[in-house]
Number of protein chains: 2
Amino acid sequence: MSLRHAVLGLLAYGPASGYDLLKTFDQSLANVWPATQSQLYTELGRLTDAGLVTVRAEGPRGRKEYAITDTGREEFHHWMTEVEPERPRRDGMLLRVFFLDQVAPDKARTFLERRAAAASAYHDQLLALRDPTADDDHPLAANGRLALEYGIRVTDTVHHWASWAADRVNSATHDKTGKTGKTGKTGRTGKAREGEAEGGPEGANGDGATGAAGGAGAAGAVNSTSRR
Amino acid sequence: MSLRHAVLGLLAYGPASGYDLLKTFDQSLANVWPATQSQLYTELGRLTDAGLVTVRAEGPRGRKEYAITDTGREEFHHWMTEVEPERPRRDGMLLRVFFLDQVAPDKARTFLERRAAAASAYHDQLLALRDPTADDDHPLAANGRLALEYGIRVTDTVHHWASWAADRVNSATHDKTGKTGKTGKTGRTGKAREGEAEGGPEGANGDGATGAAGGAGAAGAVNSTSRR
DNA sequence: ACCAACATGTAAACGGTTACATGATTTC
DNA sequence: GAAATCATGTAACCGTTTACATGTTGGT
C-alpha cells in the first residue's frame, strides 16, 4: 500500500499532474518503487476521493494538476516517521542459493561468479555517479546522496560475498573428487535421485535456522522457533 | 512466477505432501520466498497439470505425496542456471530515504538511527546462528551457510551505512541554524509549503541519476538516460 | 470424548502488469 | 499535414493475501 505514499511524497514537493508524476517515477523512483501509468492515474483518483490530494487546476489537454492537502501531508508524515518500513520479502537470487546443492558444483560456481560480476558492474556504475566528471550536471540532493552511498556499499558487499562464496564452492569440489570435467550435455540434469533420502535445504527436519539466515540480507525477523 | 520453482526445488530433495512443503516454506524459506497454504495447494495443482510433478502416492487423511518428474527437474535446472535472478524492485526503506528532506532534520536523524539499530540487532541474531553454542544443534547445509554469511555481511553494511547517514543529517542540521529544539506537537506537520517552488527528489527536472542510485542496493539496472 | 495436529481445498479482495483506447496540442 | 509529445482513462489478467470451509487421525 505504499504507492499511495510515494505519490504523496512527490506531491509534497509541489503540485503536479499525473503525467508529471509518471516521469518522476520512471526517472527517479524506478529502482525504489516503480509504478505504471495505469496504476498512477487510478491511485490519484483514489487519493482525491480520500481527500489526501485535490485537483488544484485543470490545464490545456485535460491536464489535471494535483496538490497535496493538509490531511495528505499528515498521512505522509505519519508514514515517514511512525510506520516501520517493511523489508522486501522475496529474493530470487537468495532462493537459488538455497537450492545451490541441487546443481552440479561447477554450475553453482558459475552462478555465484555471475552474481559477483553483476554486483561489481552495478557498483562501478554507481561509483561513476558519485564523482561527477565535470560535464555531468546532476545536483544530487542530500537524500539522493544517501541513497547512492547505500547502493555503493551494498553492491560492494554483495560483490565480495559472491566471490567468496564462489571460491568456497570451488574448494569444496576439489576435496570430494577429482571430477572437474564437464558432465556432458546429457539429457539428464545433474543428479537424478540417488536413494530417495531426504536432506533438503537443511532438511524438512524442523529448526528454522537456515531459513532465517537466508532471508538475512533482504528480509526481517528471524523466526526463532529456537528449539521446536 | 518463482513460487513454482521454489516448489520444484523443494521436491528435488525428495517427495513430500503439500502440508510438508508448507512447513518447509514457513521454517526455511519464510524470509526468502514466503508462500501461503492457499497458494501452495493451488500451485501443486497447476504443477501436476503441467506434468512437472506427479502424485506419487495417496496417504491417510487425503494426503497426496508429490514427486518431481524428469520434466520438472529440467525446468528447475534451467531456472537455476540460465534464468537471470530478478532483484526486488521495491524497498520501503529506500523510498523513505528519498523523501527524507521532507521531514524535520531531527525526525530524519531518528529514522536513520532506528534503521541502524534494526540492522544491528538482526546482524547479532545472525551472528549467533553462525557459531553454534554447543547446545544448539542445527547442521547448516553448505548453501545454508552461504546464505547466512550473505545476511551477516549485508546487515553489517546496512548498519554502518545508516549510522553514517544519521551523522550526516545531524551535521547538516548544525550548519544551517541553531534550531535544534522541538517543533512542538502542533497539528501542522513540519514544513507546510514555503513558496511552491519545485525541487523534488532531485526535482522533476529530468536526469534519472538519483533514481538509479536509490535502487542500488536492492534493485538492478541503472536507467542510463545519460543525457536525456 | 476431546483436542492437537494433519490435510486439503475454494472464494473474495487487492495490488501490480500489460494492453487497449482516445484525444489534444505543439513542432517540424 | 504528419509526427512527437502531452494527457487521461479502462479492461483483463496474474500472483499474493486473507478468510472461510471441511474432514481425518492419533494421543491422552
Side-chain angles (χ1 to χ4, degrees), chain A residues 1-8 15-27 29-50 53 55-66 79 86-92 95 204 206 219 225 228, chain B residues 1-8 15-27 29-50 53 55-66 79 86-92 95 204 206 219 225 228:
Chain A
M1 248 267 284
S2 270
L3 170 63
R4 156 160 306 208
H5 299 105
V7 172
L8 288 175
S17 69
Y19 193 83
D20 292 338
L21 292 174
L22 186 62
K23 278 190 298 185
T24 310
F25 268 100
D26 287 346
Q27 286 163 10
L29 299 182
N31 299 296
V32 166
W33 207 277
T36 60
Q37 177 255 44
S38 178
Q39 223 180 330
L40 230 184
Y41 284 112
T42 313
E43 191 58 42
L44 281 168
R46 280 200 277 255
L47 281 165
T48 309
D49 292 347
V53 306
V55 179
R56 211 175 79 126
E58 306 218 10
R61 44 213 123 182
R63 177 190 166 98
K64 293 181 187 170
E65 201 177 55
Y66 291 92
W79 172 78
E86 274 179 60
R87 286 190 161 282
R89 322 163 105 256
R90 280 164 238 268
D91 188 320
L95 180 60
T225 325
R228 180 260 283 270
Chain B
M1 248 268 284
S2 270
L3 170 64
R4 156 160 305 209
H5 300 106
V7 172
L8 288 175
S17 69
Y19 193 81
D20 293 338
L21 293 174
L22 186 62
K23 278 191 297 185
T24 310
F25 267 100
D26 287 346
Q27 286 161 13
L29 300 182
N31 298 297
V32 167
W33 207 277
T36 60
Q37 177 254 43
S38 178
Q39 223 181 331
L40 231 185
Y41 285 112
T42 313
E43 190 59 42
L44 281 168
R46 279 200 276 255
L47 282 164
T48 310
D49 291 346
V53 306
V55 179
R56 210 176 82 126
E58 306 220 10
R61 43 212 124 183
R63 177 191 165 98
K64 293 179 186 172
E65 200 175 56
Y66 292 93
W79 172 79
E86 274 178 60
R87 283 189 162 284
R89 321 162 108 259
R90 280 164 239 269
D91 190 319
L95 180 60
T225 325
R228 180 261 286 263

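FYI, side chains are in, hydrogens and waters are out, and symmetry mates aren't considered; it's all heavy atoms of this structure. By convention in this document, chain letters (A, B, ...) are assigned in the order of the sequence lines, proteins followed by strands, and residues within each chain are numbered from 1.
Leu40(B) places its CG atom 15 Å from the P atom of dG15(D), with the value rounded to the nearest Å. In this structure, CE of Met1(B) is placed 14 Å from C1' of dC13(D), rounded to the nearest angstrom. Taking atom CD of residue Gln37(B) and atom P of nucleotide dA21(D), one finds them 15 Å apart after rounding to whole Å. Distance OH (Tyr19(B)) to C1' (dA5(C)): 5 Å, rounded to an integer number of Å. Distance CG (Leu47(B)) to P (dG15(D)): 12 Å, rounded to an integer number of Å. Taking atom CG of residue Asp20(A) and atom C1' of nucleotide dT5(D), one finds them 13 Å apart after rounding to whole Å. Counting to the nearest Å, the C1' atom of dG23(C) and the CZ atom of Arg63(A) are 17 Å from each other. If you measure from atom CH2 of Trp33(B) to atom P of dT16(D), you get 7 Å, rounded to the nearest angstrom.
Minimum heavy-atom separation, Gly92(B) to Trp33(A): N-CZ3, 3.8 Å.
Counting atom types as modelled, Ser38(B) pairs a side-chain N or O with a base atom of dT18(D) as donor and acceptor under 3.5 Å. Checked by distance alone, Gln39(B) brings no side-chain donor or acceptor within 3.5 Å of a matching partner on the base of dT17(D).
Taking the side chain as every heavy atom from C-beta outward, Val7(B) and Phe25(B) approach each other to under 4.5 Å. Using a 4.5 Å cut-off on side-chain heavy atoms (C-beta onward), Asp20(B) and Arg63(B) make contact.
Nearest-nucleotide mapping onto DNA chain C: of Arg61(B) and Tyr66(B), the residue sitting toward the 5' end is Arg61(B). For the pair Ser17(B) and Ala35(A), nearest-nucleotide mapping onto DNA chain C gives the more 5' position to Ser17(B).
Side-chain nitrogen and oxygen atoms of Tyr41(B) include none within less than 4.0 Å of the OP1 or OP2 phosphate oxygen of dG9(C). Taking 4.0 angstrom as the limit, Lys23(A) places none of its side-chain polar atoms (N or O) nearer than this to OP1 or OP2 of dT5(D).
Considering only the side chain of Arg90(A), dT17(D) comes nearest among dT18(C), dT17(D), dG9(D).
One finds the CG atom of Leu22(B) at 10.5 Å from the CD atom of Gln39(B) (value rounded to the nearest 0.5 Å). Annotation: the span from Arg90(A) atom CZ to Asn31(B) atom CG amounts to 11.5 Å, rounded to 0.5 Å.
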